[in-house]
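Let me begin by presenting the structure, written as structure tokens, before commenting on it.
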Amino acid sequence: MSQITLTFPDGNQRHYAAGITPAEVASDISTSLGKKAVSASVNGAHWDVQWPITNDSSIAINTLKDSEPALELIRHDLAHIMARAVQEIWPDVKVTIGPVIENGWYYDFDRTEPFTPEDLGLIEKKMKDIINLRDPVRTEVWSREDAIAHYEENNEPYKVELIEAIPGDEPLRMYWHGDWQDLCRGPHLQHTGQVPADAFKLMSVAGAYWRGDSNRAMLQRIYGVAFLNKEDLRAYLNMLEEAAKRDHRKLGREMNLFHMQPEAPGQVFWHPNGWKIFTTLQDYMRRQQTRGGYVEVNTPQVLDRKLWEASGHWEKYQENMFIVEVDEEHAREKAVNALKPMNCPCHVQIFNQGLKSYRDLPLRMAEFGSCARYEPSGALHGIMRVRGFVQDDAHIFCRPDQIEAETKRFIDFLSNVYKDLGFASFSVKFSDRPETRAGSDDVWDRAEEALKKATISAGCDFTLNPGEGAFYGPKLEFVLTDAIGRDWQCGTLQVDFVLPERLEANFIAEDGDKHRPVMLHRACLGSFERFIGILIEEHAGKLPFWLAPRQVVVAAIVTDANDYVLEVVEALKSAGVRAEADLRNEKINYKVREHSVGKVPVILACGMREVEENSVTVRKLGEKETYSRSLAEITTELSTEATPPDLR
RNA sequence: GCCGCAGUAGCUCAGUGGUAGAGCGCACCCUUGGUAAGGGUGAGGUCGGGAGUUCAAUCCUCCCCUGCGGCACCA
């Protein structure tokens with residue numbers, strides 16, 4: 001048998017017979033390493049301890065201390081252990097797939113009865129039993145025929161389908177622990193006992209379509225999370241609790257920002273506090289757009305279906321549009337209208353008024369457009385995913401050769417806005433042509449090329465989202481990451497060669513002939529509703545001072561200070577600060593607590609001392625210390641803070 | 001839209017096949033208190049909507065609506 005040379009991370013080399021496994025290598029180094037080994041890295045690949053090594057290789061033995069490969073293995077093995085537990089409890093349940101995901105894993109099952117929360121407890125207990133068995137994990141390579149025959153015999157149709165979808169030349173690997181077996185590409189741990197039994201938790205059960213296809217069977221998915229140790233698990237569960245505290249639906253109620261009700265599902269009733277955030281943000285965006293060379297317009301919300309047929313929306317998105325039928329007296333037929341789901345066809349109508357010259361381009365047309373989309377009921381989520389919303393929308397009509405410069409200009413615009421709003425960085429996703437699309441390949445080539453070049457020249461890296469473009473053109477998506485690491489897609493820029501064609505937009509070029517403009521659809525915040533939801537969660541309700549709906553509460557400590565409190569409020573209001581008085585018959589403790597819970601950034605307390613000194617005692621949200629300021633000082637200070645970042 | 005779970009006072013939530021409960025909030029009174037809940041009294045409910053079973057339904061069954069967790073969708 002031939003000899004191979006294995007090189008270790010420290011540069012040491014050892015020689016073994018070809019076919020040696022990492023488990024044997026580890027045991028050869030030391031008995032304890034042999035026991036602790038969970039997997040190996042062989043030439044950079046994640047390698048099962050049982051897989052033979054046949055060539056000279058670099059090798060590193062992984063233990064539970066190597067957190068990245070170890071977590072992957074633990075989560076992966078838990079998926080199998082959970083499937084085994086489920087089948088041991090309910091032998092007629094059919095297994096499907098169970099991948100590792102962020103923080104854990106899931107496994108999809110086909111079972112007639114729903115899993116209940118109590119079932120999760122049962123499964124979890126059974127899983128711990130399996131871990132305690134310390135069952136060795138065995139693996140074998142099988143032929144497709146044998147594997148298919150095996151699963152047909154065992155009445156596991158999903159596995160048969162999976163195998164049939166695997167390309168013919170890939171070897172099929174089977175894994176066992178105990179008598180339980182699963183198809184899996186590995187790698188896995190040495191035995192089930194290597195899984196920390198106290199660092200995982202089954203989280204929830206939810207429906208999921210087989211192979212992600214809504215036309216196919218609905219399976220039951222059980223989600224679990226797993227970590228290297230109990231402490232990490234606890235920290236994760238803690239983090240979830242913290243995230244729940246930031247939920248914009250909860251804070252929206254506590255801060256009295258908005259509400260929603262069954263008569264208008266997916267639509268927001270903005271209360272005075274919430275609407276203050278909305279209009280402050282809108283005023284800010286309007287200033288930015290004016291500076292950015294946009295003109296602002298406003299267009300109708302109910303439009304005849306003929307326009308939507310012409311734009312192509314009727315054909316493609318009719319099911320997601322609010323249709324409005326009107327029976328006019330004496331009308332021969334019903335007028336069928338739709339609420340606008342987007343502003344672009346309307347903007348083309350404005351563009352089409354009068355002849356446009358090449359000198360008019362690029363024409364940047366902005367609208368805070370109220371749109372309505374009949375989103376599927378299951379998609380609705382607070383104010384983040386709604387049926388009625390306002391976009392900070394704009395369409396840039398330009399020549400094809402201006403796409404690149406306009407794209408770069410928009411990316412600069414957007415970077416500046418995000419920075420002002422407290423998001424220092426964002427990532428960019430580039431979505432190219434989808435399978436069903438309008439327009440020729442040549443046009444798509446040019447559009448994709450221009451977008452890419454502009455993104456690069458704006459200094460942005462991007463990740464590719466293959467096939468995810470809109471049907472009319474490629475798009476860029478701008479993704480913000482919030483304070484607890486969640487991603488939110490907000491901005492977008494989409495190139496559109498199709499709509500100007502369909503709605504017959506044109507301009508007179510230098511050559512005196514009519515030419516088609518290109519449209520760039522772009523939004524920076526996306527929708528105000530969604531963006532405000534993101535802001536609330538990002539800041540856990542403690543909005544930056546200039547955006548806070550209630551900026552200052554001036555609280556009287558004793559009734560005799562009431563007149564002075566009103567005087568302070570007036571001074572602040574005159575200085576452009578949103579201030580209100582709290583003269584209620586309550587103790588200062590009570591007032592401080594209530595306004596802190598309400599996320600008011602600044603509380604100014606006034607008792608007789610302040611009246612005499614013409615001062616206030618300042619308490620800022622989240623700070624325990626208070627300090628004294630003269631009325632003049634605090635007015636100047638807060639007035640500056642209340643100024644939006646672009647006006648400072 | 002699909003799967004599962006839920007809906008009781010403004011909010012958070014107990015509860016029972018036969019008169020509906022708490023805390024907070026709200027109103028009024030007492031209290032003038034110095035930085036995260038001072039005390040008392042009181043009002044407040046078609047128990048999401050509809051049908052059925054039952055002598056009797058907030059409770060059991062079915063349908064619908066809305067919400068929540070996922071899946072699918074997101075021009």
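All chains are named by letter (A, B, ...) in the order of the sequence lines, taking the proteins before the strands, and each is independently numbered beginning at 1.
B/C3 atom C1' lies 17 Å from atom CZ of A/R216, rounded to whole Å. In this structure, A/L219 places its CG atom 13 Å from P of B/G4, rounding to the nearest Å.
Between the side chains of A/R629 and A/Y627, not a single donor N or O lies within less than 3.5 Å of an accepting N or O. Side chains of A/N273 and A/N256: a donor-acceptor N/O pair is absent below 3.5 angstrom, by distance only. A/E161 and A/W210 share a donor-acceptor pair across their side chains, judged by distance under 3.5 Å alone. For the residue pair A/T626 / A/K620, no side-chain donor-acceptor distance below 3.5 Å is found, with atom types taken as modelled.
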Study note, to complete from the structure: Given protein heavy atoms under 4.0 Å, the one-letter contact record of nucleotides 33-47 of chain B, with B base, S sugar-phosphate only and - none, is simply BBBBBS---------
Review point. Nucleotide by nucleotide, 5' to 3', does protein get under 4.0 Å of the base (B), only the sugar-phosphate (S), or neither (-) in nucleotides 64-75 of chain B, counting heavy atoms?
Key: --SSSBBBBBBB
Point to revise | Sequence-aligned protein contact record of nucleotides 6-12 of chain B, with B where the base is within under 4.0 Å of a protein heavy atom and S where only the sugar-phosphate is | key: -----SS
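Taking the P atoms as reference points, B/C60 lies 9 Å from B/G17, given to the whole Å. Look at the P atom in both B/C30 and B/A37: the space between them is 24 Å, to the nearest Å. Spacing between B/U53 and B/C62 at atom C1', rounded to whole Å, works out to 11 Å. Comparing the P positions of B/G15 and B/G7 gives a spacing of 11 Å, expressed to the nearest Å. Taking atom C1' in both B/G48 and B/G67, the straight-line distance is 10 Å, to the nearest Å. Going from the P atom of B/C71 to that of B/U19 covers 45 Å, rounded to whole Å. Of the C1' atoms belonging to B/A51 and B/A27, the separation is 40 Å, rounded to the nearest Å. Here the separation of B/G21 from B/G34, taken at their P atoms, is 39 Å to the nearest Å.
Pairing partner, B/G10: B/C24, with both Watson-Crick or wobble hydrogen-bond distances short of 3.5 Å. Base pairing analysis places B/A57 opposite nothing; no Watson-Crick or G-U wobble pair with both distances below 3.5 Å involves it. With a cut-off of 3.5 Å on both Watson-Crick or G-U wobble distances, the partner of B/A72 is given as none. Pairing for B/G34 is absent, judged as Watson-Crick or G-U wobble with the two contacts each under 3.5 Å.
Annotated as anti: B/U58, whose glycosidic dihedral deviates from 0 by more than 90°.
With sequence neighbours left out, the side-chain contact (heavy atoms from CB on, under 4.5 Å) criterion links A/R502 to A/V498.
Residue pairs that meet the side chain to side chain donor-acceptor pair (under 3.5 Å) test with at least one member in residues 521-538 of chain A, sequence neighbours left out, are A/H248-A/E537, A/Y294-A/R522, A/H395-A/H521, A/R486-A/E537, A/D496-A/H521.
With salt bridges taken as basic N to acidic carboxylate O contacts below 4.0 Å, one links A/K340 and A/E367. The pair A/E254-A/K250 counts as a salt bridge, with a side-chain nitrogen and a carboxylate oxygen less than 4.0 angstrom apart. Classification of A/R364 and A/E406 as a salt-bridged pair holds, one side-chain N sitting under 4.0 Å from a carboxylate O.
Note: A/Y317 and A/H313 have tilted aromatic rings, judged against thresholds of 30 and 60 degrees for the angle between ring planes. By the 30° and 60° cut-offs, the orientation of the rings of A/F115 relative to A/W90 is perpendicular.
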Under 3.5 Å donor-acceptor pairs involving side-chain atoms of residues 596-605 of chain A, not counting sequence neighbours:
residue : atom : partner : partner atom : Å
A/S596  : OG   : A/V592  : O            : 2.6

